[in-house]
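Along the sequence shown, the residues carry numbers beginning at 1.
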Amino acid sequence: MNIDKKVPVSKNSDTLNFWQGQIATAKEYLKDYHNRGDKIECRYRDEERNKSQRNIDSGNFMSSYNILYSNTETIQPILFSETPQPDVRANDTDSINARKAAKMLEDVISYNGKLPETISSIESAVKDLLLPGTGVLRVMYDPTFDKKEREAINDDGEVVIEQEEKLVFEEVRYEHVQWKDLLYPKCKKWEALPWIAFRGLFTYTEAKEEFGTSIANTLEYTYQDESDKTKTYTPENNKFGNAEVWEVWDKTNRRVLWIADGKAVNSPLRIDKDPLELDEFYPIPKPLFSCTTTGEIKPVPLFVFYQDLANELDEVSTRIRRNVDSLRRRGVYDGSFNDLEQLSSAQDNQFIPIKDFSKLQSKGGIKSVMDTEDLNNQIAVIESLYKQREEIIQAIYQIMGYADILRGQSDPRETLGAQRIKGRFGTLRISKYQRDVQRFIRDAFRIAGQIIVNKFEPKTIALQTSVPIEEVAIYKEILEQTEPASVLVDIQTDSTIAADDIADKQDIIEFTAAVSDFVERTPAMVQVLGLQATSDLLMAMLKKFKMGRDIEQAVMDRVKEAAKQANQPKQPSPEQMKEQREMAKLQLDATFKQAELRL
């Protein structure tokens, strides 16, 4: 979609009408997806069944095997369960100041990234990925001001009261955006989107504070979510509801517009210039999309791929429950023995008195005068249904790639090799989403890093790090360099995934053994390959073991130091210097003798 020549830039009705049309078109484009997502969330919470499908008294009830909840709660901690660790590295590793600047930025990002709200926001985005299929995280710049009133003289010489704001603190917040509150037009690639919009719901008081009283009075506070049909609004309670306002980030013109509907609204509520000055403009990383095609970015929820099997699973569970409910001990008895009716309600070790016990014995006892219904056929049906349900569950796991090992289940008859194969199969299927979550958090950190460099005052950075304020300005100037970039913001690999203590210890043992073996072979390798090729091999090995930046940087410094020493001319030993002096003396005596012979 190319809208460069179509977008009005003035704050007037033409601009308002254009963006109202764009928003309406995008809503229609995403309508079916939003409806599908609502149904999936409703199923996850088991709401519809609780409302209308439980009527046990009439025998018309549904039993649910909530496989969607089970799969979601199993996979979510595999995708994200640990506090992400930023990893900021200087591109110029020889510059001490560049490395200190990178460490300073890493500390500030880490300070804001470890807040509990940040973890909660990331978890919510991952859950949105697994349910409706879109996870969104917005990076916010949040300054805190101390407002004070002071007297001042205006141009007419009158004393007036002015508001004075003083910056007290700054922070970066990571805010979860509900998946339906993000709007975008039809497009093939996220990078090509010309605009995105965030839905905001404002009360009258909030609108007055954000846009002023005159604009707040023009808004209509009648917003109602399409999935919620329980509320109605009338003109009498207009200012007691919420007004829907769309915050449009126009990447084409690098500006932010606030758009709302309403009869009294005749222009954008406000137009802001590029507020954050980000390289990619948008204040969010590319969302977590569950499944997309090359034709459009609108995702397909994961549940869609096994919803038919999930419906079948519920049907089988309902049949099991109904059959089990009807599985009761029932029978008939000889009517001449009315006392036997009490036998069905007798407790343990309770005996029932019979008036004509001898008559009962003459007829062959209780077995001769009573008979129970044969339940074997019904039990066989129930066993068959349980088997069918297990087969459906396994089919769902096969489709989604959820191996037994990932779900913490194991067959004791399986060999260790078989379990590793199943675990690797499940990991391969799920690793795509693990990498995407890591990419998602890394991009959010990169946006945060740009906000810190562009917006934060040196005193704020000094407060959040251990760097003296006089050095912050020096490092901040290095970080502001963009061509080429002075630092690269990343996250430590696997820092978002739950740690495996046994695997970590094994990795350290293998790493230590590999380095020791490498050091023993280094002299021979240097002679054959040279120092540079040998050091490159060592660094490649370090990165494979993923030991982290500190170890890699320390080894790199040592390699560079060794290279410098190798290039410097070797100083002769005292014995060699003595031999050199004696040789020089002999050469000088020989020269004198040759000169005497010539004379």
Side-chain angles (χ1 to χ4, degrees), residues 43-44 46 48-74 303-352 360 363-415 418-419 421-422 425-426:
R43 182 162 187 153
Y44 172 81
D46 205 15
E48 288 301 321
R49 190 172 68 94
N50 287 331
K51 290 179 181 178
S52 61
Q53 294 179 341
R54 279 185 174 170
N55 189 1
I56 299 177
D57 292 338
S58 66
N60 181 25
F61 59 88
M62 295 290 292
S63 182
S64 172
Y65 191 106
N66 201 335
I67 192 70
L68 174 60
Y69 171 83
S70 174
N71 286 344
T72 302
E73 296 303 308
T74 299
F303 179 68
V304 170
F305 299 106
Y306 65 91
Q307 63 180 350
D308 291 339
L309 286 171
N311 292 335
E312 185 179 349
L313 189 61
D314 284 349
E315 293 173 2
V316 172
S317 296
T318 300
R319 292 183 61 192
I320 291 174
R321 184 170 180 179
R322 287 175 177 169
N323 276 274
V324 170
D325 185 64
S326 64
L327 190 65
R328 292 180 173 89
R329 183 172 179 267
R330 292 170 292 197
V332 295
Y333 63 91
D334 188 341
S336 61
F337 296 94
N338 293 329
D339 295 335
L340 291 178
E341 185 179 357
Q342 302 176 47
L343 193 61
S344 63
S345 58
Q347 302 297 322
D348 288 343
N349 295 321
Q350 181 181 356
F351 293 81
I352 306 299
L360 176 62
K363 288 196 174 185
I366 293 178
K367 294 182 179 180
S368 300
V369 296
M370 292 185 65
D371 197 8
T372 58
E373 180 184 3
D374 185 5
L375 300 178
N376 289 329
N377 291 335
Q378 196 171 355
I379 292 173
V381 170
I382 294 174
E383 291 176 347
S384 176
L385 288 172
Y386 273 115
K387 183 178 180 181
Q388 183 183 0
R389 185 166 74 174
E390 187 61 31
E391 290 175 354
I392 295 172
I393 294 172
Q394 291 302 320
I396 291 174
Y397 291 155
Q398 286 294 325
I399 289 174
M400 303 309 296
Y402 300 155
D404 294 339
I405 304 302
L406 296 181
R407 293 180 284 108
Q409 296 182 0
S410 177
D411 187 342
R413 295 169 297 179
E414 289 183 340
T415 64
Q419 292 185 353
I421 291 172
K422 291 176 69 175
F425 170 75

(message) Taking Arg322's backbone N and O only, do any of them form a donor-acceptor pair with Ser326's side chain (distance below 3.5 Å, no angle check)?
(response) yes
(request) Could you pull out the closest heavy-atom pair between Phe303 and Leu68, with the gap in Å? (result) CD1-CD1, 3.7 Å
(request) Would you check if there is a donor-acceptor pair between the side chains of Asn71 and Tyr306 at a distance under 3.5 Å? (result) yes
(request) Report yes or no: does Asp325 contribute a side-chain atom to a donor-acceptor pair with the main-chain N or O of Arg321 at less than 3.5 Å? (result) no
(message) With no hydrogens and no angle check, just 3.5 Å: does a side-chain donor-acceptor pair link Ser336 and Asp334?
(response) yes
(request) Measure the CD-CD distance between Gln350 and Gln342 for me, rounded to the nearest 0.5 Å. (result) 8.5 Å
(message) Testing the 3.5 Å rule here: is there a donor-acceptor pair between the side chains of Gln394 and Gln398?
(response) no
(message) Counting C-beta onward and ignoring hydrogens, is there a side-chain heavy-atom pair between Tyr65 and Ile393 closer than 4.5 Å?
(response) yes
(request) For residues Asn323 and Gln378, report the shortest heavy-atom separation together with the two atoms involved. (result) O-NE2, 3.2 Å
(request) Return yes when atom OH of Tyr69 has more than 12 non-hydrogen atoms of other residues, nucleotides or ligands closer than 6.0 Å, and no otherwise. (result) no
(request) Drop me the distance from Asn338's CG to Tyr333's OH, to the nearest 0.5 angstrom. (result) 5.5 Å
(request) Search all heavy atoms of Leu360 against all heavy atoms of Val369 and return the closest pair with its distance. (result) CD1-CG2, 3.5 Å
(request) With sequence neighbours excluded, tell me which residues meet side-chain hydrogen bond (donor to acceptor under 3.5 Å, both in side chains) with Gln388. (result) none
(request) Using a cut-off of 6.0 Å, state whether more than 12 heavy atoms not belonging to Leu309 lie near its atom CG. (result) yes
(message) Could you report the tightest heavy-atom contact between Ala310 and Ile67, atom names first, then the distance?
(response) CB-CG2, 3.9 Å
(message) Quick check for you: to the nearest 0.5 Å, what is the distance between Leu385 atom CG and Ser317 atom OG?
(response) 9.5 Å
(message) Does any part of the side chain of Asp314, heavy atoms only, come nearer than 4.5 Å to the side chain of Arg43, both counted from C-beta?
(response) yes
(request) With sequence neighbours excluded, give me every salt bridge (Lys or Arg N to Asp or Glu O under 4.0 Å) pair touching residues 365-383. (result) Arg330-Glu373
